[in-house]
Structures are given as structure tokens and as C-alpha cells.
Amino acid sequence: MVSEKDFISTEMASIEKGSFQWSSPSNIALVKYWGKKENQIPANPSISFTLNNCKTITKLDVSKKETNYTFSFDLLFEGKPKEDFKPKIQKFFERIEKYCPYLKQYHFTIDTENTFPHSSGIASSASGMAALSMNIMSLEKALNPTLTDDFFYQKASFLARLGSGSACRSIKGNVVVWGKHSEISTSSDLFGVAFPLQLHENFHNYQDTILLVDKGEKQVSSTVGHDLMHNHPYASTRFEQAHTNLSALKKVLENGNLDEFIKIIESEALTLHAMMMTSMPYFILMKPNTLEIINKIWKFRNETNIPICFTLDAGANVHVLYPENVSEKVLQFIQQELVGHCQNGNYICDQIGNGSQLIQL
Ligand code: DP6
């Protein structure tokens with residue numbers, strides 16, 4: 001079994017300069033990660049669809065420096081210095097230093113941008129931490145060209161997890177499992193793994209239209225929310241339920257049963273928010289328009305038998321999931337019925353994608 005020690009890099013060459021660039025997508029969890037232990041170990045396994053269009057693109061310029069006492073980096077967001085992102089990166093470097101002891105030998109310029117609007121309420125921590133981790137692994141590969149591809153991606157996911165848990169699911173594969181699950185032998189608490197079984201064709205090009213209900217700053221961050229699962233009255237039942245739901249979903253992803261898919265996905269979304277509403281302090285991230293949209297989706301599904309469903313992140317936005325062959329009808333429904341509930345009528349069309357990509361310089 002792979003352990004944390006396996007990710008500590010040892011003998012290394014050194015380089016004077018280097019430049020790398022990767023894009024990493026966002027992902028949408030189907031079985032949710034909510035609750036964690038020390039060192040970003042998840043309290044339960046989760047599984048997600050990797051997205052295709054919502055991405056972070058990050059360029060990392062590296063130059064060797066004289067001293068190696070501190071981390072040294074500049075951060076640019078859309079080409080301009082962005083001081084308020086720096087503490088998160090500093091913390092990330094501190095967390096991964098043990099595994100990447102070469103970091104203090106270099107000065108970094110991190111130049112990052114998102115394909116989705118900054119204030120859309122779409123979390124950029126998953127795609128952002130994934131893209132930075134891919135670049136760090138490109139540096140590591142330059143220092144140690146013997147690294148295998150498997151190790152490269154596994155360690156990228158391992159590092160991304162230390163930046164933000166869900167980021168480890170944005171590295172490789174269109175469906176990704178993170179967290180040990182008894183029926184998925186390759187699964188690990190330390191990194192995400194591509195869903196190891198054949199995905200039923202119903203899920204090929206599965207669509208995710210993200211309805212932007214509220215762009216405002218969240219009142220409660222995910223990190224605080226995870227923390228509230230300690231001493232939560234329903235925590236242990238919830239963690240068990242995630243295992244059961246992942247077992248059921250594993251079958252569904254293979255057999256293509258969309259009715260079952262819908263039940264699991266919507267129940268997971270509402271359970272996530274139920275955990276928020278029943279923590280102490282309690283909080284609500286859904287907005288009135290979130291509920292309006294959910295009710296309209298249910299009505300539309302009942303009337304048409306079109307297999308669309310919703311899921312939610314830790315926020316008010318609604319992800320509408322549906323197979324590609326009903327796209328036309330669903331988009332018409334979204335435009336006629338749901339767009340009015342979005343802030344400034346904004347929504348983003350996305351679909352299942354394959355993970356991080358190297359951008360040739
Ligand atoms: C609701 O990965 O953002 O989106 O590990 O503290 O950075 P940290 O949390 P984060 O939590 C995501 C929670 C979620 C569910 C999910 O993506 O599984």
C-alpha cells in the first residue's frame with residue numbers, strides 16, 4: 001500500500017531556470033466530501049465528475065536562488081499581482097515542503113487565471129490547487145527525470161489534496177474516487193484515483209449546466225464547514241451513508257440506471273446541506289432561488305420523464321446534470337424556466353472532461 005513516506009522526494013539534480021504551464025479543471029462531487037481528519041484525510045470517500053470548461057490555467061516560472069531559508073514567490077492573477085491569494089499559497093508550500101524539500105531553493109512566479117468569472121461563486125480552490133500541483137510536479141520531473149507517469153500523477157493528486165481536499169480529484173480521469181472504499185481496491189485517503197470500471201455510455205459527455213444563483217462571498221467557508229462535522233450529532237451515520245452511496249453509485253455508473261443515479265445524487269446534495277443546517281453553529285447556504293430551481297427541476301422531470309437532476313456544492317449555485325442526448329430540450333427548459341432565477345441570468349455550460357492538461361510553452 002502506498003504511504004505518505006513514498007511521496008518524500010530525495011536525491012535531486014538542480015536547474016537554473018524553468019517554465020511550466022498546466023490547466024486543471026474544476027470537479028463536481030456526486031458523493032460529497034464533508035468532514036476531515038488531521039492532514040487533510042477525508043472522513044468518508046467521495047466521487048466526482050471532472051469538468052471540462054471550468055478551469056484554472058497556471059504558469060510557473062522557476063529560478064534558482066542563492067539562499068534557501070524561506071519560500072519566495074510572486075503571485076499574479078490575470079497578469080496582475082494579487083497579494084490576498086498569497087497566504088493560501090504560503091500555507092500550501094508549508095504543508096508540502098516535507099514532500100518537496102527542493103521548494104526553498106527556487107524563486108517562483110505563479111501566474112494564474114480562471115476560465116470562469118472570478119466572482120461566480122464557483123470554487124477555484126480545486127482547480128487552482130490542482131494546476132499549481134501539476135506545475136510543481138513538472139519541476140520535480142525536471143529535477144528527477146526518472147519519475148514514472150503513474151507516480152507523477154499520483155503525487156500531483158497527493159500534493160493537491162494538501163492544498164484543498166477536493167483538488168485531488170482534478171488531476172486525472174473523468175470520474176475520480178478519493179478516500180478508501182472497500183469495493184474500490186485502488187482507492188486511497190491520500191490521493192484521487194480514476195474510477196477503475198467501465199463507465200456506461202449513458203454517462204459519456206454527461207452535461208453539467210451550472211446555474212449561478214449567488215456570486216456573493218460565502219458566509220461560511222468549506223474549511224469551517226468541514227470542521228463543524230467534529231462533534232456533529234449525525235456525523236457517524238453520514239460517513240457510513242457515504243460508503244453505502246458510493247457502493248450503489250459504483251453499480252449505477254456501470255449499468256447506466258439513470259433513475260437510481262438521480263436518487264443518489266440528489267439525496268447526497270440535500271444531505272450535504274442538511275449537515276450544514278444541523279451543525280452548531282448552523283448555517284444555510286441555499287438561497288430562495290436555489291429552492292425555486294430545485295422545485296422546477298422536479299416538476300419538469302415528472303412531466304417529461306427526462307432524466308435531469310441537480311446537485312449542489314457548498315453554496316447556492318445549482319449544477320444541473322443530464323445526459324447529452326436530451327441537451328436540446330433541457331437547455332430550452334433552462335432558458336425558459338430557470339435562467340430567471342440566476343443572478344443577472346448567468347449560467348455556464350460544462351460537461352464531463354478528462355483532467356489536467358500540459359500546455360506547451
Ligand atoms: C462541498 O475541498 O473545498 O465541495 O479541503 O478544506 O479545501 P478543503 O475543502 P474543499 O471542500 C469541498 C466540499 C464540497 C464537496 C466535495 O467537493 O466533495
Side-chain angles (χ1 to χ4, degrees), residues 7 9 15 17-27 39-40 48 50-51 54-63 65 70-116 118 122-144 147 151-172 176 178 190-192 221-223 353 355-361:
F7 295 108
S9 80
I15 57 170
K17 271 189 181 314
S19 196
F20 314 101
Q21 192 174 24
W22 282 87
S23 77
S24 292
S26 185
N27 68 74
N39 298 325
Q40 296 280 103
S48 52
T50 306
L51 296 185
C54 291
K55 293 186 287 203
T56 298
I57 300 163
T58 300
K59 181 162 175 266
L60 185 72
D61 286 314
V62 178
S63 56
K65 58 187 174 78
T70 53
F71 298 115
S72 156
F73 63 96
D74 297 316
L75 186 84
L76 306 176
F77 180 67
E78 294 175 346
K80 296 192 198 82
K82 185 93 177 158
E83 289 304 309
D84 35 328
F85 284 3
K86 286 185 91 173
K88 225 179 160 182
I89 308 283
Q90 172 77 24
K91 198 163 167 201
F92 175 57
F93 282 151
E94 285 164 14
R95 282 191 193 164
I96 67 170
E97 186 187 9
K98 181 172 164 197
Y99 308 101
C100 307
Y102 47 84
L103 288 176
K104 282 185 177 160
Q105 296 169 18
Y106 295 95
H107 175 78
F108 300 110
T109 304
I110 304 164
D111 193 345
T112 191
E113 63 187 47
N114 298 328
T115 58
F116 47 89
H118 176 48
I122 297 185
S124 57
S125 68
S127 53
M129 287 299 173
L132 184 53
S133 301
M134 295 308 301
N135 280 305
I136 291 171
M137 285 312 295
S138 280
L139 167 62
E140 185 163 321
K141 177 98 180 168
L143 302 177
N144 180 4
L147 297 186
F151 179 84
F152 180 93
Y153 284 101
Q154 207 171 67
K155 183 164 174 182
S157 179
F158 175 88
L159 297 177
R161 180 194 108 245
L162 293 170
S164 177
S166 55
C168 78
R169 299 188 312 238
S170 282
I171 301 296
K172 201 180 179 193
V176 179
W178 169 42
L190 301 180
F191 46 81
S221 72
S222 289
T223 308
S356 298
Q357 282 174 327
L358 179 65
I359 300 169
Q360 297 300 342
L361 292 174

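For residues 158-167, there are no salt bridge (charged side-chain N to carboxylate O under 4.0 Å, His left out) pairs, not counting sequence neighbours.
Between L147 and M137 the shortest side-chain heavy-atom distance falls below 4.5 Å. For the pair K155/S9, a side-chain contact is recorded, criterion being any heavy-atom separation below 4.5 Å from C-beta on.
Not counting sequence neighbours, the partners of S222 by the side-chain contact (heavy atoms from CB on, under 4.5 Å) test are W34, K218, H226, A314. Residues satisfying the side chain to side chain donor-acceptor pair (under 3.5 Å) criterion with R169, sequence neighbours excluded, are N27, S46, S48. Every residue meeting the side-chain contact (heavy atoms from CB on, under 4.5 Å) condition with K82, not counting sequence neighbours, appears here in chain and number order: L75, F77, D84, F85, H118. Judged as a side chain to side chain donor-acceptor pair (under 3.5 Å), and not counting sequence neighbours, S166 has no contacts. For S26, the side chain to side chain donor-acceptor pair (under 3.5 Å) test picks out no residue, with sequence neighbours left out. Under the rule for a side chain to side chain donor-acceptor pair (under 3.5 Å), S124 has no partner lying at least two apart in sequence or in another chain.
Closest approach of P25 to S170, counting heavy atoms only: O-OG, 2.7 Å. Across all their heavy atoms, A160 and I171 have their closest contact at CB-CD1, 4.2 Å. In plain terms, the two heavy atoms of K59 and D61 that are nearest each other are NZ-OD2, 3.2 Å. Residues F152 and S138 approach most closely at CE1-N, 3.7 Å, considering heavy atoms. Closest approach of I136 to C100, counting heavy atoms only: CG2-SG, 4.2 Å.
Distance alone, capped at 3.5 Å, places no donor-acceptor pair between the K55 side chain and the T115 backbone. Of the possible donor and acceptor atoms, none in the side chain of S356 sits under 3.5 Å from a partner among the backbone N and O of S24. A donor-acceptor pair under 3.5 Å links the side-chain atoms of K86 to the main chain of F73, judged by distance alone. A donor-acceptor pair is defined here as one N or O able to donate and one able to accept, closer than 3.5 Å; no such pair exists between the side chain of S157 and the backbone of F191.
Here NZ of K172 is found 9.0 Å from CE of M134. Values are rounded to the nearest 0.5 Å. Separating the OG atom in S127 from the CG atom in L51 is a distance of 9.5 Å, to the nearest 0.5 Å. Summarising the geometry, atom CH2 belonging to W22 is positioned 8.0 Å from atom CG belonging to N135; distances are rounded to the nearest 0.5 Å. The CG atom of L190 sits 11.5 Å away from atom CG of L159, with the distance rounded to the nearest 0.5 Å.
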Donor-acceptor contacts under 3.5 Å from residues 101-113 side chains, at least two apart:
unit_1, atom_1, unit_2, atom_2, d
Y102, OH, E140, OE1, 2.6
K104, NZ, E97, OE2, 3.2
Q105, OE1, K64, NZ, 3.3
Y106, OH, I15, N, 3.2
H107, ND1, S72, O, 3.4
H107, ND1, S72, OG, 2.4
H107, NE2, D74, OD2, 3.0
T112, OG1, T58, OG1, 2.9

Without placing hydrogens or testing angles, list every side-chain donor-acceptor pair under 3.5 Å for residues 88-95, not counting sequence neighbours.
unit_1, atom_1, unit_2, atom_2, d
Q90, NE2, E94, OE2, 3.0
R95, NH1, L162, O, 2.5

